[in-house]
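Working notes, structure below.
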Number of protein chains: 2
Amino acid sequence: MKNRIKDLRKSKKMTQEELAIKVGVSRQSIIAIESGKYNPSLELAYNISKAFDSIIEDVFILEERGEE
Amino acid sequence: MKNRIKDLRKSKKMTQEELAIKVGVSRQSIIAIESGKYNPSLELAYNISKAFDSIIEDVFILEERGEE
DNA sequence: CAATAATGTAAAGCTTACTTGACATTACAC
DNA sequence: GTGTAATGTCAAGTAAGCTTTACATTATTG
């Protein structure tokens, strides 16, 4: 899952560790999410977006699941 | 985590099973999320909100983590 | 260049989201 | 009242998010 975390983080001059502490997870989790390696929980996604004063849909690039 | 899924689902006359199939998870998962038993993944939260033609923030009631 | 901060990577373990299956209860149609 | 659809609950297992530790690489700063 793609996202704009890295850019947003840099534009706020925030390190991975600072963001991790701010949203209450480990730095590893930030790295994994930044690199699209996994699908964060809703709560974490929300906290991250709030760390950037944004809404989730603005930080994460989500694609709708096809209907069946 | 609180949410409006049950109400939205009823207003769309959708069963738990229909919603589960539509968003690609088991009915158990829908039950657990509806009852706030756990924190869904961002992707699932997104698919659920799209099933109701809404955005995440409109379906799930999220609370920001306190700063430290 | 040297020192230190920031980022990247990898592995092992824990926790919890999510599945599957089975059955019990409630609601609604016939 | 009987049959069937929808919901609720419980339990055991799998998958994946997340943690912790450790170290290597790439900035950045003096």
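Bear in mind the structure is a predicted one, so any value in this text is a computation, not a measurement. In the text below, chain A, chain B and the rest are named by the order of the sequence lines, each starting its count at 1.
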Atom-to-atom span, CD1 of A:I31 to C1' of D:dT25 - whole angstrom: 12 Å
Of B:K6 and A:P40, the one whose closest DNA chain D nucleotide lies more 5': B:K6
Can you tell if the side chain of A:L44 reaches within under 4.5 Å of the side chain of A:I33, non-hydrogen atoms only? yes
In whole Å, I'd like the distance from the CG atom of A:L42 to the P atom of D:dG17. 14 Å
Validation row: A:M14, A:L8 side chains within 4.5 angstrom (heavy atoms): no
Measure from CD1 on B:I30 to C1' on D:dG8 and round the result to the nearest Å. 15 Å
Heavy-atom pair of closest approach, residues A:A51 and A:L19: CB-CD1, 3.8 Å
Base, sugar-phosphate, or nothing for B:S26, non-hydrogen atoms under 4.0 angstrom? base
Tell me whether B:L42 shares a hydrophobic cluster with A:I31, the cluster being built from Ile, Leu, Val, Met, Phe, Trp, Tyr side chains joined at under 4.5 Å. no
Whole angstroms only, please: what is the CD-C1' distance between B:E18 and D:dA6? 10 Å
With a 4.5 Å limit on heavy-atom distance, are the side chains of A:E18 and A:R9 in contact? no
How do A:E34 and A:N39 order along DNA chain C: which one's closest nucleotide is nearer the 5' end? A:E34
Distance in Å, A:L62 CG paired with A:K2 NZ, rounded so as to fall on 0.5 Å steps: 12.5 Å
To the nearest 10 degrees, the angle between the two end axes of the helix from C:dC1-D:dG30 to C:dC30-D:dG1 (five pairs per end) comes to 50°
Any side-chain heavy-atom pair of A:D7 and A:F52 under 4.5 Å: no
What are the 5'-most and 3'-most nucleotides of DNA chain C lying under 4.0 Å from any heavy atom of chain B? C:dA17 to C:dG21
Identify the two heavy atoms, one from A:P40 and one from A:A45, that lie closest to each other, and give their separation to 0.1 Å. CG-CB, 4.2 Å
Using whole Å, report how far CZ of B:R9 lies from P of D:dA5. 17 Å
Any N/O donor-acceptor pair, B:Q28 side-chain to D:dT9 base, under 3.5 Å: yes
State which of D:dT9, D:dC18, D:dT7 makes the closest approach to the side chain of A:S41. D:dC18
Between CZ of B:R27 and P of D:dT7 the distance, given in whole Å, is 8 Å
note: B:E17, atom CD; D:dG8, atom P; distance rounded to Å ~ 13 Å
Is there side-chain contact between B:V23 and B:I30, with heavy atoms separated by less than 4.5 Å? yes
Atom NZ of A:K37 and atom P of D:dT19 are separated, to the nearest Å, by 13 Å
Separation of A:E43 CD from B:Y38 OH (nearest 0.5 Å): 14.0 Å
Output a table of nitrogen or oxygen pairs between the protein and nucleotides 27-29 of chain D separated by less than 3.5 Å.
none

Can you tell me if A:E17 has over 12 outside heavy atoms packed within less than 6.0 Å of its CD? no
Nearest 0.5 Å, what's the CZ-CD distance between B:R27 and B:E34? 10.0 Å
Select base, sugar-phosphate, or nothing to describe what A:T15 touches, counting heavy atoms under 4.0 Å on all strands. sugar-phosphate
